[in-house]
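A short worksheet on the structure shown next.
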Amino acid sequence: MNDAPHPALLPTGMRDLLPPEAESEAGVVARLMATLAAHGYERVKPPLVEFEETLFSGAGAAMATATFRTMDPGSQRMIGVRADMTPQIARIAATRLGNAARPLRLSYSGQVLRVKGSEIRPERQIGQVGAELIGGSGPPADVEAIAVAGEGLAALGVLHLSVDVTLPTLVPAVADAYGISGERAAALRAALDHKDAAAVAATAGAAGELLGRLLAAAGPAKTALAALDRLDLPPRARAERVRLGAVLDGLEDAAPDLKVTVDPVENRGFEYHTGISFTFFAGGAAACGSSGELGRGGRYQAGDPAAPEPATGFTLYTDTILRTLPDAPPLRRLLLPLGAARGRAAALRDKGWITVAALEPAADWRAEARRLGCTHILDEGEPRALG
């Protein structure tokens with residue numbers, strides 16, 4: 001019995017990108033990076049693997065269970081394959097660029113690898129494009145991160161773009177004020193994550209009514225803000241509400257066409273975030289679920305945990321973005337029959353044509369062009385559509 005896998009069989013969560021999808025992904029990355037560069041974000045390229053001590057420091061600790069680890073044969077130390085690029089950018093900012101002027105704007109693109117996918121997102125290798133704004137502590141930094149990400153996605157042609165803004169620190173502020181901690185806090189968090197109002201009321205005790213109203217406040221930005229204003233929030237939670245209002249006011253000016261919703265209690269995926277956080281969706285509704293997430297981001301602490309820097313940023317997922325984009329028009333592929341003038345072919349490439357040079361004679365050049373996936377053929381020096 002031959003137990004060798006078929007050559008095309010890949011590990012669970014891995015896949016090949018074939019034409020034209022691989023080219024489309026490269027185009028998406030290039031256009032997103034161009035948007036980031038236009039806003040002053042400078043590109044960095046961290047390594048695929050790092051020593052696990054540095055990979056899991058600070059915000060990177062949240063990705064420890066998702067990270068592939070192995071022994072480095074050279075140093076005999078444990079290394080990890082990155083599962084997210086944000087902690088790497090934070091490390092670069094704190095070390096190699098520790099003396100660079102703040103706020104520091106950095107951008108990146110690359111692949112990450114995770115130990116396992118989920119039911120909603122089964123992919124384990126994920127393409128990321130992102131930006132980090134390090135050293136900006138005020139609402140304008142939060143506004144910039146959301147607005148720049150939105151601009152990049154809109155420029156790609158994403159339809160019905162929306163962003164859902166959340167406050168991962170709001171519920172902990174309420175829980176602390178009401179003395180909810182330990183296993184009870186964990187049970188409350190689970191109930192809120194599942195939007196289970198009955199379980200929230202049963203778990204939260206005296207805070208049940210307030211948390212139930214926070215749960216019900218989710219919705220369009222203005223409606224959610226009005227609902228929050230009617231609540232008697234503890235002082236730390238009230239400060240979070242004030243900052244949220246400043247950010248939403250800033251977004252009205254910076255990104256007036258962006259649809260904004262607010263979910264005050266959403267926390268899943270934002271475990272290491274320390275303030276305003278957000279998720280982008282296509283289709284106009286967060287109800288699409290994680291499979292419809294185009295990207296997410298938010299505020300966190302970068303650098304040495306003993307002396308952290310305020311930071312915010314975002315990561316966009318190229319696989320999800322590709323699934324939401326309208327079908328691209330077919331590329332103009334031009335077959336060059338054997339012996340075609342090289343100068344003419346070069347001139348056509350300068351005008352945007354893709355040329356495919358024949359390497360052998362053919363009895364029927366039009367049939368050969370179709371066989372090779374071309375849309376046109378060079379005939380007497382001019383491109384002719386195959387029809």
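Atoms considered below: every heavy atom in the structure, side chains included; atoms not considered: hydrogens, waters and symmetry mates.
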- Mind checking whether Leu331 and Pro20 have side chains closer than 4.5 Å, heavy atoms only? no
- How many angstroms lie between CD in Glu309 and OG in Ser137, if you round to the nearest 0.5 Å? 11.0 Å
- May I ask you to check whether over 12 heavy atoms, not counting those of Lys195, lie within 6.0 Å of atom NZ? yes
- Message: Between Arg366 (side chain only) and Asp364 (backbone N and O only), is there a donor and an acceptor less than 3.5 Å apart?
- Response: no
- Query: Given Leu97 and Leu106, is the side chain to side chain contact (heavy atoms under 4.5 Å, CB included) satisfied, shown in steps?
  - Reply: CA-CA 10 Å; Leu97 297 176; Leu106 300 176; 3.8 Å; yes
- Do the side chains of Leu248 and Val260 get nearer than 4.5 Å, heavy atoms only? yes
- Query: Any donor-acceptor pair under 3.5 Å linking the side chain of Thr375 with the backbone of Arg333?
  - Reply: yes
- Ala145 to Phe278 - nearest heavy-atom pair and separation: CB-CZ, 4.1 Å
- Message: Taking Ile92 as the starting point, is it possible to reach Val129 by hopping between hydrophobic residues whose side chains are less than 4.5 Å apart?
- Response: no
- Counting only heavy atoms not in Asp232, do more than 12 sit closer than 6.0 Å to its CG atom? no
- Task: Mark yes or no for whether Arg82, through its side chain, and Pro47, through its backbone, hold a donor-acceptor pair below 3.5 Å.
- Result: yes
- Query: So how far is it from Thr12 OG1 to Glu123 CD, rounded to the nearest 0.5 Å?
  - Reply: 12.0 Å
- Message: Determine whether Leu17 and Glu23 satisfy the following criterion, side chain to side chain contact (heavy atoms under 4.5 Å, CB included), listing intermediate values before the conclusion.
- Response: CA-CA 9 Å; Leu17 281 187; Glu23 187 67 32; over 6 Å; no
- Is there a side-chain contact between Asp84 and Gln128 (heavy atoms, below 4.5 Å)? yes
- Query: Any ion pair linking Arg344 and Glu382 (charged N to carboxylate O, less than 4.0 Å)?
  - Reply: yes
- Item | Worked check of side-chain hydrogen bond (donor to acceptor under 3.5 Å, both in side chains) between Thr320 and Glu293 | CA-CA 7 Å; Thr320 313; Glu293 290 183 5; over 6 Å; no
- Item | Criterion salt bridge (Lys or Arg N to Asp or Glu O under 4.0 Å) on Glu368 and Arg371, from CA distance to verdict | CA-CA 5 Å; Glu368 181 68 0; Arg371 187 182 73 82; 2.9 Å; yes
- Ile134 and Arg102 have their tightest heavy-atom pair at O-CG, 3.7 Å
Donor-acceptor pairs under 3.5 angstrom involving side-chain atoms of residues 179-186: please list them, not counting sequence neighbours.
{"unit_1": "Arg184", "atom_1": "NE", "unit_2": "Thr203", "atom_2": "O", "d": "3.0"}
{"unit_1": "Arg184", "atom_1": "NH2", "unit_2": "Ala204", "atom_2": "O", "d": "3.0"}

- Item | Contact summary for Ala237 and Ala173, nearest pair of heavy atoms | N-CB, 3.9 Å
- Query: So, does Arg114 use its side chain to make a donor-acceptor pair with the main chain of Ala83 at under 3.5 Å?
  - Reply: yes
- Message: Could you measure the distance from the CG atom of Asp263 to the OG atom of Ser277? Nearest 0.5 Å is fine.
- Response: 12.0 Å
- Note on the structure: Sequence neighbours excluded, the answer for salt bridge (charged side-chain N to carboxylate O under 4.0 Å, His left out) partners of Arg43 is none
- Message: To the nearest 0.5 Å, what is the distance between CZ on Phe281 and CG on Asp164?
- Response: 6.0 Å
- Query: Cluster question for you: counting only ILVMFWY and a side-chain heavy-atom cut-off of under 4.5 Å, with indirect links fine, are Ile79 and Leu55 together?
  - Reply: no
- Taking only Lys NZ, Arg NE, NH1 and NH2, and the carboxylate oxygens of Asp or Glu, determine whether Arg15 and Glu21 approach each other closer than 4.0 Å. yes
- With distance as the sole test, does Arg124 use its side chain to make a donor-acceptor pair with the main-chain N or O of Val112 at under 3.5 Å? no
- Would the number of heavy atoms belonging to other residues, nucleotides or ligands and lying under 6.0 Å from CD of Glu209 be above 12? no
- Parallel, tilted or perpendicular for Tyr300 and His273, by the 30°/60° rule? perpendicular
- Under-4.0 Å salt bridge between Glu53 and Arg77: yes
- Task: Applying side chain to side chain contact (heavy atoms under 4.5 Å, CB included), run through Val158 and Leu294 and close with a yes or a no.
- Result: CA-CA 10 Å; Val158 174; Leu294 304 180; 3.7 Å; yes
- Taking all heavy atoms of Leu233 and all of Leu228, pick out the closest pair and write down the distance. CD1-O, 4.3 Å
- Give a yes or no on whether Tyr108 and Leu133 share a hydrophobic cluster (residues Ile, Leu, Val, Met, Phe, Trp, Tyr; joining criterion: side-chain heavy atoms under 4.5 Å apart). no
- Query: When you look at Asn267 and Leu192, which way does the side chain to side chain contact (heavy atoms under 4.5 Å, CB included) test go after all the steps?
  - Reply: CA-CA 9 Å; Asn267 182 71; Leu192 288 167; over 6 Å; no
- Supply the atom-to-atom distance Trp365 CH2 to Leu338 CG, rounded to the nearest 0.5 angstrom. 5.5 Å
- Taking side chain as C-beta onward, heavy atoms only, is Arg213 less than 4.5 Å from Arg230? yes
- Query: Checking Thr315 side chain against Gly130 main chain: does a donor-acceptor pair fall under 3.5 Å?
  - Reply: no
- Message: In the structure I gave you, are the side-chain heavy atoms of Leu48 and Val81 within less than 4.5 Å of one another anywhere?
- Response: yes
- Query: Under the criterion side-chain hydrogen bond (donor to acceptor under 3.5 Å, both in side chains), which of Glu144, Glu151, Arg105 is the partner of His39?
  - Reply: Glu151
- Message: Given 3.5 Å as the limit, does a donor-acceptor pair link the side chain of Thr318 with the main chain of Glu25, or not?
- Response: no
- Side-chain touch Ile321/Leu32, heavy atoms, less than 4.5 angstrom: yes
- Query: When rounded to the nearest 0.5 angstrom, what is the spacing between OG1 in Thr67 and CD in Glu52?
  - Reply: 9.0 Å
- Item | Min side-chain heavy-atom separation Leu159-Leu161 under 4.5 Å | no
- Item | Heavy-atom pair of closest approach, residues Pro337 and Ile377 | CG-CG1, 4.2 Å
- Is there side-chain contact between Ile89 and Pro46, with at least one heavy-atom pair below 4.5 Å? yes
- Asp196 side-chain N/O to Ala199 backbone N/O, donor-acceptor pair under 3.5 Å: yes
- Item | Side-chain donor or acceptor of Gln111 paired with backbone N/O of Leu113 under 3.5 Å | no
- Query: Within a radius of less than 6.0 Å around CD of Glu42, do more than 12 heavy atoms belonging to other residues, nucleotides or ligands occur?
  - Reply: no
- Task: Might you point out which heavy atoms bring Ala345 and Thr355 nearest each other, and give the distance in Å?
- Result: O-CG2, 4.1 Å
- Message: Can a donor-acceptor pair be found, under 3.5 Å and without considering hydrogens, that links the side chain of Thr35 to the backbone of Arg31?
- Response: yes
- Honestly curious: do Val262 and Val242 fall in one hydrophobic cluster under the side-chain, below-4.5 Å linking rule? no
- Query: Do other residues, nucleotides or ligands put more than 12 heavy atoms under 6.0 Å from the CZ atom of Arg96?
  - Reply: no
- Indicate if Tyr317 and Leu156 have the same hydrophobic cluster label, given that clusters are the connected sets of ILVMFWY residues with side-chain heavy-atom separations under 4.5 angstrom. no
